[in-house]
Amino acid sequence: MTANPPPATENDQADFGPPVLRFAPSPNGELHLGHALSALTGYDIARRLGGRFLVRIEDIDLGRCRPEYIDGIFRDLEWLGVAWDGPVWRQSERFGAYEAAARKLAAAGLLYPCFASRSEIQLAAHPGALDPDGAALYSGLHRHLSPAEIARRTAAGDAHAMRLHMEAALRNVADAPLTYVALDATLKPTRKIADPSRWGDAVLQRKDVPTSYHLAVVVDDAAQGITHVVRGLDLLAATDLHALLQALLGLPTPIYHHHRLITDTAGRKLAKSLGDTSLAQLRDGGLQPDRLRQLIGLTPDR
Ligand code: GLU
């Protein structure tokens, strides 16, 4: 792996058609200040670039997502002054597209079933080895199950996830090192090296639904022609895995901008002074959207 990626050039920005950005919340709770920062940052950049702005509901977690949270998202966005173009996609309606992408990876021999439970995975993990989400790094427990064992467990009705064979996947990528273009806070592009290996054999299809966040987000960003992904620094490491999936699936890699998080001391103070409340509660309490922008460090809407 080379230490310095090639610099980003003007062409990195010109490779795409008209800009398309998106806000992609998961409706498993009310939106908070961090969501407001994400939605407004993306929306402001879309307007600055003269691009389109989409909203996508990431509701693959059928057990945790609620329709009332989706209604709340629309109300919050309207209040924030965020307008979106075109229809809102819901990931729960797109499982077929994720299955097709998974079939493509499986046909290349890059997926394998894993029947292990969370506690089995934890027990087998090397102590202290964590993935970027802080979960026990998968040790490869079911990477080499025999076809007979897979057939036996499947026939017995054991649920399985599908995992990416990371080592094989990295061998399949022609352009090493994998890189992507990121915009810094001033929107200056730099080329970054992606290191997906730190995710290990990531789950691409969960036991309960035929996708995972990583697969769905990559498939949909491509299907919606997203040119610029704006999201929080909490998803910085995920971008490494996304760049790999894009390369494996033959999808374009968008430009990424990872915005600061409202979790530093100032952020915690802010959340505390505002009562650690949802956007809906702040709105009901009489806060004005321009004041909210100011509080989270954004310029007023003009
Ligand atoms: N659905 C994710 C979340 O609410 C965001 C996904 C993304 O922007 O890539 O955290």
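Every number for a ligand or one of its atoms is a count from 1 in the order of the listing.
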Quiz item: Excluding sequence neighbours, so at least two apart, what forms side-chain hydrogen bond (donor to acceptor under 3.5 Å, both in side chains) with D131?
Solution: none

Self-check item: Pairwise ring pair (Phe, Tyr, Trp, His ring centres under 6.0 Å) hits with a residue in residues 180-202, at least two apart
Solution: Y180-Y256, W199-H214

Quiz prompt | Face-on cation placement of R283 at W79 ring, 6.0 Å and 45° thresholds | solution = yes

Please tabulate, line by line, the atom pairs linking an N/O of ligand 1 to a protein N/O at a distance below 3.5 Å, with the distance in Å to 0.1, or answer 'none'.
residue  : atom  : partner : partner atom : Å
ligand 1 : 1 (N) : A24     : O            : 2.7
ligand 1 : 1 (N) : S26     : OG           : 3.0
ligand 1 : 1 (N) : E58     : OE1          : 2.6
ligand 1 : 4 (O) : S26     : N            : 3.4
ligand 1 : 4 (O) : S26     : OG           : 3.3
ligand 1 : 8 (O) : R22     : NH1          : 2.7
ligand 1 : 9 (O) : R22     : NH2          : 3.0
ligand 1 : 9 (O) : Y213    : OH           : 2.9
ligand 1 : 9 (O) : R231    : NH1          : 2.8

Quiz item: How about E167: does its CD atom have over 12 heavy atoms from other parts shown lying under 6.0 Å from it?
Solution: no

Quiz item: For the residue pair H242 and Y213, is the inter-centroid distance of their aromatic rings smaller than 6.0 Å?
Solution: yes

Exercise. Sort and list the pairs that fulfil ring pair (Phe, Tyr, Trp, His ring centres under 6.0 Å) and have at least one residue in residues 98-153, not counting sequence neighbours.
Key: F115-H160

